[in-house]
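Okay, structure first, notes after.
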Amino acid sequence: MDLKRSQYKLIMQNYEKKQLNIKHEINKKKTEIYKRIPLIKVLDDEIASNSVNTTYYIIEHPDEAKEKLEQLQESNFMLSGKKIRLLLDNGYPEDYLQPKYDCNLCKDTGYIGNEKCICLKQAMIDAAYEQSNIKNIIKDENFSTFSFDYYSNSIDSRFNLSPLENIRIIYGKCKKFVNNFDTDFTNIILFGQAGLGKTFLCNCIAKALLDRSHTVIYLTSFQLFKLFEDYKFNNDNDKVPEEQIESIFDCDLLIIDDLGTEFNNRFTGVELFNCLNTRLLNKKSTLISTNLSPNDWSKQYSDRIVSRIFGNYEPLKIFGSDIRLKKYQ
Ligand SMILES: Nc1ncnc2c1ncn2[C@@H]1O[C@H](COP(=O)(O)OP(=O)(O)O)[C@@H](O)[C@H]1O
Ligand SMILES: [Mg+2]
Ligand SMILES: [Zn+2]
């Protein structure tokens, strides 16, 4: 992702800040523990001096390196075990002196070796798309705040199903989509009238996958096509960086909310087909929400787009009455 240098710098400063905070936190706890359980300091000193001694010994006797390192590992393991027992005996959790990272994969460094960690990739996506907004929304709109209270349990004769039964099934399918995200390649199109919780469900899925370290881009279809347009037609100064466009094609999940509200023309049709098709070929999941009914899809989009969607997306129809209105009452 091609960010402005200043944006990248800010993100990396954030990582440094996190690491400093963690170090600070650990030092504070150590001081406390050494005072309360002095034996832990003795053990820590022993662990430190063991590894220094081993290093010196290996420099002198490189042929014994393997054996000595194994010995060191063994003795560290034993000493750490003693430390844990002391902590537990004194009423502390066993991981009290372990750093608590936001991301255990990269230990809040942003990198695993030379590779960017998934958390850094997502941070860059967030910066590029100014997605910070979604972070706030998904605090309120997620699977744990999803309420079934707004869906009536009287049977809708058209479907022989109540809105409540229906949303329970859909909720379950969305959860399954998240749980099987790493193994099953699925795409979802949520459709139904306005105010039935389509965007809410998109946010539930976004949060669940972000929490599981996947890269997620959330865009309304209006924003998506604006990006494509700016990329294609703007001149150098406000051109959208190529890598930002690439991330639309290869992020783990792309959410296109409110499909059908973009200005429709030949250009958007080509771009939409290209985007959906490329993601299908790369086995990258897409989640679409739309107020349009399948009938409208074929009026608004070309046959090849509609057949891509029909053939490869699980259609989930939400019905019921507008939750916004219910909330007002
Ligand atoms: N399951 C739900 N529980 C609580 N509030 C909901 C739920 N679904 C939708 N809402 C609320 O109802 C309003 C409309 O939902 P929204 O997801 O925007 O509908 P849609 O995208 O289908 O038009 C929003 O204010 C949203 O927060
Ligand atoms: Mg919506
Ligand atoms: Zn990370």
Side-chain angles (χ1 to χ4, degrees), residues 1 11-12 14-19 22 99-126 133-134 136-153 162-175 188-216 218-224 252 255-262 287-293 296 315-329:
M1 171 103 26
I11 293 173
M12 292 321 292
N14 207 7
Y15 277 104
E16 279 159 28
K17 226 190 285 168
K18 275 192 206 172
Q19 288 183 58
I22 287 175
K100 304 250 178 330
Y101 300 110
D102 282 347
C103 177
N104 285 320
L105 296 174
C106 66
K107 301 194 162 57
D108 293 348
T109 60
Y111 281 87
I112 301 172
N114 291 326
E115 294 276 316
K116 288 193 186 77
C117 180
I118 196 94
C119 69
L120 175 55
K121 286 187 191 163
Q122 184 66 43
M124 292 168 86
I125 286 176
D126 291 348
N133 196 22
I134 194 173
N136 289 326
I137 295 170
I138 60 184
K139 269 188 216 136
D140 297 325
E141 301 200 344
N142 55 63
F143 280 122
S144 65
T145 61
F146 188 97
S147 160
F148 292 94
D149 296 346
Y150 299 105
Y151 300 89
S152 140
N153 63 0
S162 73
L164 179 62
E165 288 164 325
N166 180 57
I167 198 69
R168 282 198 190 283
I169 295 170
I170 290 178
Y171 179 91
K173 287 193 171 167
C174 290
K175 277 230 142 156
I188 289 180
I189 180 160
L190 286 167
F191 68 101
Q193 286 160 9
L196 293 179
K198 298 182 298 297
T199 298
F200 197 118
L201 273 171
C202 289
N203 290 330
C204 295
I205 291 175
K207 168 148 176 43
L209 289 178
L210 284 169
D211 286 350
R212 290 166 54 167
S213 296
H214 290 290
T215 50
V216 177
Y218 169 95
L219 293 168
T220 63
S221 81
F222 186 85
Q223 291 170 321
L224 176 71
D252 295 338
I255 300 176
I256 309 175
D257 198 8
D258 257 335
L259 187 72
T261 53
E262 70 280 358
L287 167 62
I288 297 177
S289 99
T290 180
N291 290 356
L292 301 176
S293 68
D296 302 328
L316 301 178
K317 178 182 170 71
I318 311 184
F319 56 88
S321 39
D322 194 328
I323 293 175
R324 279 189 204 98
L325 297 179
K326 285 198 172 172
K327 278 195 162 171
Y328 277 124
Q329 282 160 9

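What you see is a predicted model, and the numbers here were worked out from it, not measured in a lab. Just so you know, ligand 1 is whichever comes first in the structure, and atom 1 is the first atom listed for that ligand.
Atom CZ of Phe143 has more than 12 neighbouring heavy atoms from other residues, nucleotides or ligands inside a 6.0 Å radius. The local environment of NZ in Lys317 is crowded, with over 12 non-hydrogen atoms from other residues, nucleotides or ligands closer than 6.0 Å. Counting heavy atoms of neighbouring residues, nucleotides and ligands inside a 6.0 Å radius, atom NZ of Lys107 does not exceed 12 of them.
In terms of protein heavy atoms, atom 23 (O) of ligand 1 is closest to Gly195 N, 2.7 Å. Phe200 CD1, 3.5 Å is the protein heavy atom nearest to atom 10 (N) of ligand 1. Looking only at heavy atoms of the protein, atom 1 (N) of ligand 1 is closest to Ser147 O, 2.9 Å.
For the ligand labelled ligand 1, residue Phe148 lies outside the 4.0 Å heavy-atom shell.
Checked by distance only, ligand 1 and Ala194 stay at 3.5 Å or farther apart across all their nitrogen or oxygen atoms. For ligand 1, the polar-atom distance check finds no N/O of Phe146 at less than 3.5 Å from any of the ligand's N/O atoms. Ligand 1 has no nitrogen or oxygen under 3.5 angstrom from a nitrogen or oxygen of Asn291.
A 4.5 Å side-chain heavy-atom check between Leu105 and Ile118 finds at least one atom pair inside the cut-off. Between Asn166 and Tyr151, the closest side-chain pair of non-hydrogen atoms is not below 4.5 Å.
In Phe191, neither the side chain nor the backbone holds a heavy atom less than 4.0 Å from any atom of ligand 1.
Close contacts of ligand 1 with Lys327, meaning ligand atoms under 4.0 Å from a residue heavy atom, involve 5 (N), 11 (C), 27 (O). Those atoms of ligand 1 that come under 4.0 Å of a heavy atom in Leu196, given as number and element, are 19 (O), 20 (P), 22 (O). Residue contact check: Gly197 has heavy atoms under 4.0 Å from atoms 8 (N), 9 (C), 15 (O), 16 (P), 17 (O), 19 (O), 20 (P), 22 (O) of ligand 1. Each of the following atoms of ligand 1 lies closer than 4.0 Å to a heavy atom of Glu141: 26 (C), 27 (O). Each of the following atoms of ligand 1 lies closer than 4.0 Å to a heavy atom of Tyr151: 1 (N), 8 (N). Close approach to Ile323 involves these atoms of ligand 1, each under 4.0 Å from a residue heavy atom: 7 (C), 8 (N), 9 (C), 10 (N), 11 (C), 12 (O).
Side-chain N or O atoms of Glu115 include none that pairs as donor or acceptor with a backbone N or O of Ile112 at under 3.5 Å. Looking at Glu262, its side chain does come within 3.5 Å of a backbone N or O of Gly260 through a donor-acceptor pair. Distance alone, capped at 3.5 Å, is enough to place a donor-acceptor pair between the Ser221 side chain and the Asp258 backbone. For Asp140 (side chain) and Ile137 (main-chain N/O), no donor-acceptor pair under 3.5 Å exists by modelled atom type. Under the 3.5 Å distance criterion, the side-chain polar atoms of Lys116 are left unmatched by any main-chain donor or acceptor of Gly110. Although no hydrogens or angles enter the test, the distance criterion places a donor-acceptor pair under 3.5 Å between the side chain of Asp252 and the main chain of Thr215.
Not one N/O/S atom of Ser289, from backbone or side chain, sits under 2.8 Å from the Mg ion (ligand 2).
Nearest-residue assignment for atom 21 (O) of ligand 1 (options Thr290, Leu190, Thr199; heavy-atom criterion): Thr199. In this comparison of Lys198, Lys326, Arg324, the heavy atom closest to atom 18 (O) of ligand 1 sits on Arg324.
Protein N/O/S atoms closer than 2.8 Å to the Zn ion (ligand 3): Cys103 SG, Cys106 SG, Cys117 SG, Cys119 SG.
Nearest heavy atom pair, residue Ser321 against residue Lys326, reads OG-CE, 3.4 Å. The heavy-atom pair separating Asp108 from Ile22 by the smallest distance is OD2-CD1, 3.4 Å.
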Q: Let me see the working for Tyr150 and Phe148 under ring-ring contact (aromatic ring centres under 6.0 Å, His included), right down to the final yes or no.
A: CA-CA 6 Å; Tyr150 299 105; Phe148 292 94; over 10 Å; no
